[in-house]
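In the text below, chain A, chain B and the rest are named by the order of the sequence lines, each starting its count at 1. Keep in mind it's a predicted model, so treat the numbers as computed, not measured.
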2 protein chains.
Amino acid sequence: MKKYQKIYADLKSKIEAREYELEAFLPSENVMTKHYDCSRNTLRNALSQLAQEGYIQSIHGKGVRVIFHPQRNQSRLVLDGIESFKDSLVRNNQLEQQAKTEIKVFAEMIVNSKLEELTSFPIGMEIYYIQRVRYINDQALIIDHNYFRKDIVEGLTKDIAISSIYKYIEKTLNQKIVRTSWTIMVEKATEEDLEILDLEGFDCVCVATKYVFNDQGMMFEFSKSRHHPKHFVFSGQAKRNN
Amino acid sequence: MKKYQKIYADLKSKIEAREYELEAFLPSENVMTKHYDCSRNTLRNALSQLAQEGYIQSIHGKGVRVIFHPQRNQSRLVLDGIESFKDSLVRNNQLEQQAKTEIKVFAEMIVNSKLEELTSFPIGMEIYYIQRVRYINDQALIIDHNYFRKDIVEGLTKDIAISSIYKYIEKTLNQKIVRTSWTIMVEKATEEDLEILDLEGFDCVCVATKYVFNDQGMMFEFSKSRHHPKHFVFSGQAKRNN
DNA sequence: TGGTATTTGTCCGTATGTATC
DNA sequence: GGATACATACGGACAAATACC
């Protein structure tokens, strides 16, 4: 592990362990560089990551303040835009709950003009189209529509789609999933939504649209996930630019 | 303006002007440091900001790839978690549309245990509570419930709440709004929601919960915004940690 | 009020490691 | 293997905001 990653991990764990209180200041950069025996640059690299994730905030002339203590054990499944379904379950400590994935469609397609408009993949490109339903405790919560570039996510199969496509991409294909760009909106439930999800009286679904990029900066996935509104939580951080 | 900010702004404008195509590479860091007559540190500071906003992605050993061209003229109002209502209108080029704000409640309160649980302000703290309804083209789209720390947002009035509280905080109180932490979920519409918002057949609203921090790392605002589901879009970027 | 020390912000230069071509 | 490009790390200098006496 890199030096700055060790420092990042150490500080993060101390914050999570409440070793530094909310609104308290970390030791000064000067003190910390001595403690970690590193240069100020390296320390600040670690700090900037923590700041990016919303753990701390540097205040000019004063110090570095702790502004966030993550909470565990939410009642709903909290998503953050980049994780796989499985990852979210783990982070939310809900793996003891029964999770299941059902494949409705597994197909290979060629992008036509309609698909181009939807996915923004170029016309003529070969893609996989996969439709899956996600269950927790036997309740259908999410309908996933995934479109993958075939040349990047080679050799996808039904079996892989049932377990974890992201794991396949990262472990087997050895590609890194780096970044997503997403939007969330609400749509009226379709016939299919009503059929598959037990909406418990709701007449709408939450639709998360995602564009996913690998470590080469290539978009290899477009997906629309239709979520049961009662079990949908999305969270994040935002920074104001000056 | 700082040197790295100039470089950031210059590169950003060039990307937006499509001077660099999607998936194309920027000139190498070496070339750019010469062009901008700066150190590699300074250039990388600028690049890291662009990466954070999802414009570029560095690829080890290859170069820095453009991965995003912002789009304009969405049909819905796109929010990003940190802007004020007014800011969003401007960014979405919808200021020519008629925007209006109505104050339903303007009150000073002291945090009790129930409010503490809701807002996470400590018991006994003095706060402002403001309930507002946001209209675009005479259609009620958002019900805002804002809670402000009175000691930080001093001197708030109804008149200010009708125009722009954020403008007051930044221009008059000279405080900077730096960061928000937010979550989004869907809730069944309440009586009040149905009364105020014309939900056009929807039976639910989008609820955005925000914790807002100033440049001192102090949380000074808690708010819940109940959005008309048909006119709600939330978008952002997420990065996967390794 | 003012000066000094502390703390973070910006910027520079250099060296070495690692991935890609 | 060599050249190129980004990643990590060290060190130093000065500016700007803040705290303290």
Side-chain angles (χ1 to χ4, degrees), chain A residues 1-11 20 23-52 55-67 173-176 178-179 213-218 239 241-242, chain B residues 1-11 20 23-52 55-67 173-176 178-179 213-218 239 241-242:
Chain A
M1 210 195 280
K2 315 287 183 194
K3 202 165 181 177
Y4 79 93
Q5 288 177 319
K6 279 185 201 166
I7 298 170
Y8 159 83
D10 186 59
L11 286 170
Y20 302 109
E23 302 198 344
F25 287 96
L26 297 184
S28 79
E29 293 184 351
N30 222 323
V31 171
M32 285 195 283
T33 52
K34 274 167 195 156
H35 175 256
Y36 290 113
D37 187 29
C38 68
S39 73
R40 209 168 146 229
N41 261 335
T42 302
L43 177 73
R44 284 171 67 83
N45 190 345
L47 292 179
S48 82
Q49 272 200 58
L50 287 165
Q52 223 168 31
Y55 280 79
I56 59 171
Q57 186 172 306
S58 295
I59 300 159
H60 197 163
K62 285 185 83 170
V64 179
R65 175 169 272 155
V66 176
I67 56 174
L173 295 183
N174 223 13
Q175 299 215 25
K176 273 176 191 158
V178 171
R179 209 183 58 85
F213 296 79
N214 68 5
D215 58 351
Q216 298 297 304
M218 308 298 283
K239 243 179 143 180
N241 343 322
N242 315 312
Chain B
M1 211 195 283
K2 314 288 181 193
K3 201 164 182 178
Y4 79 94
Q5 287 176 319
K6 279 186 201 164
I7 298 170
Y8 160 82
D10 186 58
L11 286 171
Y20 302 108
E23 303 199 340
F25 287 96
L26 298 183
S28 79
E29 293 185 350
N30 223 325
V31 171
M32 286 195 281
T33 52
K34 273 167 197 156
H35 175 257
Y36 290 114
D37 188 28
C38 68
S39 74
R40 206 159 154 244
N41 259 335
T42 302
L43 176 74
R44 285 171 65 82
N45 192 345
L47 292 179
S48 82
Q49 273 198 61
L50 287 165
Q52 212 179 325
Y55 280 77
I56 60 171
Q57 185 172 310
S58 294
I59 298 158
H60 198 159
K62 285 185 82 169
V64 179
R65 174 169 272 156
V66 176
I67 54 173
L173 296 183
N174 222 14
Q175 298 215 27
K176 274 178 191 154
V178 171
R179 211 183 58 85
F213 296 79
N214 68 6
D215 58 351
Q216 298 297 303
M218 309 297 285
K239 241 177 144 182
N241 341 325
N242 316 311

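- Heavy-atom distances to DNA chain C give each of B/S39 and A/E29 a nearest nucleotide, and the one nearer the 5′ end belongs to A/E29.
- Contact between A/I67 and A/I56 at its shortest, heavy atoms only, is CD1-O, 3.8 Å.
- Heavy-atom minimum distance, A/V64 versus A/S58: CG2-OG, 3.7 Å.
- Remark: C1' of D/dT8 and CG of A/N41 are 10 Å apart, rounded to the nearest angstrom.
- Checking B/C38 against A/P27, the closest nucleotide of DNA chain C that is more toward the 5' end is the one next to A/P27.
- Separating the CD atom of B/Q57 from the P atom of D/dA7 is a distance of 10 Å, rounded to the nearest angstrom.
- In this structure, B/N30 and B/K34 have side chains that are in contact, with non-hydrogen atoms separated by less than 4.5 Å.
- Here the C1' atom of nucleotide D/dG12 and the CZ atom of A/R44 are 14 Å apart, to the nearest Å.
- When all heavy atoms of A/Y20 and A/V66 are compared, the closest pair comes out as CB-CG2, 3.8 Å.
- Separating the NZ atom of A/K34 from the C1' atom of D/dC10 is a distance of 16 Å, rounded to the nearest angstrom.
- On the nucleic acid side, DNA chain C has its first and last nucleotide under 4.0 Å of a heavy atom of chain B at C/dT10 to C/dC21, going 5' to 3'.
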I'd like to know whether A/I7 forms a side chain to side chain contact (heavy atoms under 4.5 Å, CB included) with A/N45, so could you lay out the CA-CA distance, the side-chain angles of the two residues, the decisive distance to 0.1 Å, and finally the verdict. CA-CA 9 Å; A/I7 298 170; A/N45 190 345; over 6 Å; no
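- Of all heavy-atom pairs spanning B/G217 and A/I59, the tightest one is N-CD1, 4.0 Å.
- Positionally, the nearest nucleotide of DNA chain D for B/G63 lies more toward the 5' end than for the other of B/G63 and A/M1.
- Scanning all heavy atoms of the two residues, the minimum distance from A/Y36 to A/L43 falls at CD1-CD1, 4.2 Å.
- Between B/N214 and A/Q57, the closest heavy-atom pair is O-NE2, 2.7 Å.
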Nucleotide by nucleotide, 5' to 3', does protein get under 4.0 Å of the base (B), only the sugar-phosphate (S), or neither (-) in nucleotides 13-21 of chain D, counting heavy atoms? B--BBSS--
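- Between the OH atom of A/Y4 and the C1' atom of D/dC10 there is a distance of 16 Å, rounded to whole Å.
- Taking CZ of A/R40 as the start and CE of A/M32 as the end, the distance is 10.5 Å to the nearest 0.5 Å.
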